Amino acid sequence: MSDAPLEHKAPYRTANDWFNRVIVLLIALMGLVLGVPLALWGFLSLSGQMTSSDLSTVTAVLLFGMGMAFNAFGVVIGWSALVPGAKG
């Protein structure tokens with residue numbers, strides 16, 4: 001092992017890094033914009049079907065699951081762009 005001091009590079013130092021960060025945040029925002037209505041509509045449809053004791057379609061479950069997946073994707077990607085050094 002050498003006794004040379006280690007260089008500590010601060011993340012997101014250049015303008016290109018900031019531009020990449022903004023692009024990732026826009027992708028995360030698109031995931032949330034798509035995921036929130038899907039999850040909300042799927043939840044409301046599923047709860048309405050459960051209240052009326054009519055579970056005739058599986059679409060509500062699928063749309064709720066897809067919406068939650070898009071939301072999770074948007075949150076994880078957005079968190080990794082906002083917090084330097086976060087593992088996403």
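These numbers were taken from a predicted model, which means no experiment stands behind them. Count residues from 1 along the sequence.
Contact record, Ala60 with Ser45: CB-OG, 3.6 Å, taken as the closest heavy-atom pair. The minimum heavy-atom distance linking Ala39 with Met68 is given by the pair CB-SD, 3.8 Å.
Each of Val58 and Leu44 belongs to its own hydrophobic cluster when Ile, Leu, Val, Met, Phe, Trp and Tyr are linked at side-chain heavy-atom distances under 4.5 angstrom. At a threshold of 4.5 Å between side-chain heavy atoms, the hydrophobic network of Ile, Leu, Val, Met, Phe, Trp and Tyr places Phe70 and Phe64 in two separate groups. Trp41 and Leu34 fall within a single hydrophobic cluster, where Ile, Leu, Val, Met, Phe, Trp and Tyr are joined by side-chain heavy atoms under 4.5 Å apart, directly or via other members. Linking Ile, Leu, Val, Met, Phe, Trp and Tyr whenever their side-chain heavy atoms come within less than 4.5 Å puts Val24 and Met30 in one cluster. A single hydrophobic cluster is not seen to contain both Leu32 and Leu26; linkage of ILVMFWY side chains at heavy-atom distances under 4.5 Å, directly or through other members, places them apart.
Remark: side-chain polar atoms of Thr51 are paired, donor with acceptor, to backbone N or O of Ser47 under 3.5 angstrom.
Summarising the geometry, atom CG belonging to Leu62 is positioned 11.0 Å from atom CG belonging to Leu38; distances are rounded to the nearest 0.5 Å. We find the CG-CG distance between Leu82 and Leu25 to be 5.0 Å, quoted to the nearest 0.5 Å.
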